[in-house]
Amino acid sequence: MQPRFFAILTALLLGVLGLGSVAVTDWSPAAATSPAATTAPGGGSGARPAAVGGASATPTGDPAVWTRSTLRNKMMAEMDATDPGVALADLDKITKEKPYTVRFCHPIAHELGHAAVKRYHEDFQKVISFPHETCAAGYLHGAVEEMLNASTQPEVDLLKLCAPQNTGPCIHGVGHGTMFVAKQDVAKARDLCNKFTSDQNRIRCSEGLFMQLFGPDEEDEQAKANLPADKLAQDPLYPCKDQPSLFQSACFFYAPTFYLSSHDYPNHPEVYAEALKWCLNGKASGGAADCSRGVGSRTMKYNLDREDWAAQQCATAADGWQRKACAEGLVSYYTVNYTDGGAAGRLCAKITNKEMQGYCRSAGGLSRSLD
C-alpha cells in the first residue's frame with residue numbers, strides 16, 4: 001500500500017470514529033448540586049445555598065430544588081387541571097418530604113385560596129369543602145381574603161364568613177382580609193377586627209392583620225410591609241407600641257418577620273440571633289417577650305429541617321426569660337405545622353442543649369424529664 005494512500009485512509013477512519021464518538025456522547029452540562037445545609041454551629045456558616053437554576057429534574061419531572069416560583073406554578077397548574085383538594089394534598093406531601101419548602105408554602109396556599117374563590121364564583125362553602133389545613137390553613141386564609149376583597153359590604157360580611165363555628169383559623173383569615181380591604185391601613189383594618197363582639201375573636205383577627213402587615217416576605221410585591229423608614233428609625237418595633245393593648249401582643253409577635261426578611265435571612269443565618277437582640281427594643285413597652293416568641297416561631301418555620309440548629313439560635317439570648325420565650329415560639333410553630341399529638345415530643349427530643357430542651361418540653365406541656 002502506498003504511504004500516501006495509507007495516510008488518507010487512516011485520516012478517513014479517524015474522522016468516522018470521531019463522528020461516532022460525538023454522536024454517542026452526552027454533551028449536556030452536569031447538573032449542579034446544592035450542598036447540604038449546615039446543621040450545627042461550627043460546621044460552616046449555616047447559610048442555605050441558593051437554589052441552582054439549572055438543577056436537574058427528578059424522575060417525576062419535578063425540580064431537584066424547589067423555589068417559591070416553581071412550587072407555586074406546579075400547584076396552580078394542578079388546581080387548574082383538577083381541583084383545590086388535589087393541589088393541597090400534593091403541597092402537603094411536598095412540604096413533608098422537603099421541609100425547607102415550608103417557608104413559602106403558606107403564601108402559596110393563600111394563592112390557591114384566592115384562585116378557588118374566583119373559580120367557584122364566590123361560593124365560599126364550596127371553596128372550603130376541600131381539606132384545607134395544609135400549610136397552617138393558608139388556603140382558608142387566602143379564600144377569606146378574596147371573599148372580603150370582593151365584598152361590597154366587608155364590614156358586614158366579615159361577621160358572616162366564619163359563622164356559626166367561628167373557628168380560630170377562619171377568623172385569623174378574616175384578619176388577613178381586613179388588610180386587603182383597608183389597603184394596608186392598620187387603623188382601618190383594626191376597626192374591622194373590632195366588629196367582632198368578643199375579645200377572643202378580636203385577638204384572632206388581629207393575628208391575621210399583623211401577619212399580613214409584616215408577613216408577605218416571599219416575593220409578594222403587592223403586599224410588602226407598609227412601614228415608613230423614618231418611623232422605624234425612631235421605633236424599631238413600629239407600630240406595635242402605638243396599638244391598643246388588645247392588639248399589641250400579635251403585633252410584637254409578627255414584627256420579627258419583617259426584621260428577618262429585610263435582613264436577608266436565607267443568606268445570613270446570623271440574623272436570627274441578632275433578631276433576639278433587636279427584640280429588646282420592646283422591653284419598655286412590654287413587648288420583648290412576645291417579640292422573642294415571634295423570633296422562635298419564624299426561626300422554626302424557616303428551618304424545619306434542622307430543628308436543633310433552630311434551638312441553638314434561641315440559646316444565644318443572654319437572658320433565660322428570652323431563651324424560654326424563643327423556645328415557646330419554636331414549639332408553637334412546630335405544632336402548628338405538624339398537628340399530630342406527638343409533634344412537640346419529637347421536636348424536644350432533637351434538641352441537644354439541655355436548657356433549651358427543658359424549655360421545649362415545658363412549652364409543649366411535656367414532663368421536663370425524658371424518662
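Note: hydrogens, waters and symmetry copies are ignored here, and every other heavy atom, side chains too, is used.
- For the pair K93 and D90, the salt-bridge criterion is not met [side-chain N within less than 4.0 Å of a carboxylate O].
- Side-chain N/O atoms of R103 and Y265 include a donor and acceptor closer than 3.5 Å.
- Cluster membership check: V336 does not share its hydrophobic cluster with L347, using side-chain heavy-atom separations under 4.5 Å among Ile, Leu, Val, Met, Phe, Trp and Tyr.
- Heavy atoms of other residues, nucleotides or ligands lying less than 6.0 angstrom from NZ of K283 number 12 at most.
- For W321 against A288, the heavy-atom pair with the smallest separation is CH2-CB, 3.7 Å.
- The aromatic rings of F210 and F214 lie parallel to each other, their planes meeting at an angle below 30°, with 60° marking the opposite boundary.
- The two residues V127 and A116 make their nearest non-hydrogen contact at CG2-O, 3.7 Å.
- Under the 6.0 Å cut-off for aromatic ring centres, Y259 and H263 qualify, their centroids lying closer than that.
- Scanning both residues, I171 and R204, for their nearest heavy atoms gives CG2-CB, 3.8 Å.
- In this structure the side chain of C170 reaches within 4.5 angstrom of the side chain of V144, judged on heavy atoms.
- Using modelled atom types, one side-chain atom of R119 and one backbone atom of M79 make a donor-acceptor pair closer than 3.5 Å.
- Interatomic distance, R361 CZ to C348 SG, rounded to the nearest 0.5 Å: 6.0 Å.
- When the side chains of ILVMFWY residues are joined at heavy-atom separations under 4.5 Å, either directly or via intervening members, F130 and M76 end up in a single hydrophobic cluster.
- Looking only at distances, no side-chain donor or acceptor of S332 sits under 3.5 Å from a matching main-chain atom of E328.
- If you take CD1 on I128 and CD on Q125, they are separated by 4.5 Å, rounding to the nearest 0.5 Å.
- Other cluster members for L276: V295, joined by side-chain heavy-atom distances under 4.5 Å among Ile, Leu, Val, Met, Phe, Trp and Tyr.
- A salt bridge links E111 to R68: at least one charged side-chain nitrogen sits closer than 4.0 Å to a carboxylate oxygen.
- Between L91 and C105 the shortest side-chain heavy-atom distance falls below 4.5 Å.
- Two residues are said to be in side-chain contact when any heavy atoms from C-beta on lie closer than 4.5 Å; T167 and C162 fail this criterion.
- Proximity of a side-chain donor or acceptor of Q313 to a complementary backbone N or O of A273 within less than 3.5 Å is not detected.
- For the pair D242/Q248, no side-chain contact is recorded, criterion being any heavy-atom separation below 4.5 Å from C-beta on.
- In the model, S292 has a side-chain atom that pairs as donor or acceptor with a side-chain atom of Q322 under 3.5 Å.
- A 4.5 Å side-chain heavy-atom check between S206 and L246 finds every atom pair outside the cut-off.
- A salt bridge does not link D191 to K188: none of the charged nitrogens lies less than 4.0 Å from a carboxylate oxygen.
- Side-chain atoms of Y254 and L213, non-hydrogen and from C-beta on, never get closer than 4.5 Å to each other.
- Between W278 and C291 the shortest heavy-atom distance is CZ3-SG, 3.7 Å.
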Quiz prompt | Check against side-chain contact (heavy atoms from CB on, under 4.5 Å), E146 and E122 | solution = CA-CA 9 Å; E146 188 61 34; E122 298 170 29; over 6 Å; no
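- Within a 6.0 Å radius of NZ in K74, other residues, nucleotides and ligands contribute more than 12 heavy atoms.
- No donor-acceptor pair closer than 3.5 Å links the side chain of Q184 to the backbone N or O of F180.
- A distance-only check finds no donor-acceptor pair linking the side chain of D305 to the backbone of P99 [under 3.5 Å].
- Q312 is listed as a side-chain neighbour of T352, based on a closest heavy-atom distance under 4.5 Å.
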Quiz item: Between L330 and C360, does a side-chain contact (heavy atoms from CB on, under 4.5 Å) hold up when you go through it step by step?
Solution: CA-CA 8 Å; L330 296 178; C360 177; over 6 Å; no
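- In this structure a side-chain-to-backbone donor-acceptor pair under 3.5 Å is missing from E207 to H172.
- The CG atom of N353 lies 8.5 Å from the CZ atom of R323; values are rounded to the nearest 0.5 Å.
- A side-chain donor from one of Y272 and N303 sits under 3.5 Å from a side-chain acceptor of the other.
- Atom CG in L140 sits 5.5 Å away from atom CZ in F124 (nearest 0.5 Å).
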Quiz item: side-chain contact (heavy atoms from CB on, under 4.5 Å) between L192 and E155: does it pass, once the steps are laid out?
Solution: CA-CA 6 Å; L192 289 171; E155 69 282 358; 3.9 Å; yes
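- Sorted by first and then second residue, the pairs that involve residues 336-345 and meet side chain to side chain donor-acceptor pair (under 3.5 Å), not counting sequence neighbours, are D340-R346.
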Quiz item: Given Y334 and E307, is the side-chain contact (heavy atoms from CB on, under 4.5 Å) satisfied, shown in steps?
Solution: CA-CA 9 Å; Y334 201 83; E307 299 93 334; 3.3 Å; yes
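- Summarising the geometry, atom CH2 belonging to W66 is positioned 5.5 Å from atom CG belonging to L71; distances are rounded to the nearest 0.5 Å.
- Rounding to the nearest 0.5 Å places CZ of R72 at 8.5 Å from CG of L112.
- A donor-acceptor pair under 3.5 Å is absent between the side-chain atoms of S362 and the main chain of Y359, judged by distance alone.
- Classification of D235 and K231 as a salt-bridged pair fails, no side-chain N sitting under 4.0 Å from a carboxylate O.
- In this structure the side chain of I108 never reaches within 4.5 angstrom of the side chain of C135, judged on heavy atoms.
- At distances below 3.5 Å, at least one donor-acceptor pair connects side-chain atoms of S129 with backbone N or O atoms of K126.
- Judged by distance alone, with hydrogens and angles left aside, the side-chain atoms of Y139 form no donor-acceptor pair with the main-chain N or O of P131 at under 3.5 Å.
- Criterion: ILVMFWY side-chain heavy atoms under 4.5 Å apart, direct or through other members. Under it, M75 and Y100 are part of a common hydrophobic cluster.
- For the pair Y238 and P228, the tightest heavy-atom approach, listed with the atom from each and the gap, is CE2-CD, 3.8 Å.
- Distance alone, capped at 3.5 Å, is enough to place a donor-acceptor pair between the S261 side chain and the T257 backbone.
- Of all heavy-atom pairs spanning T70 and V65, the tightest one is OG1-O, 4.5 Å.
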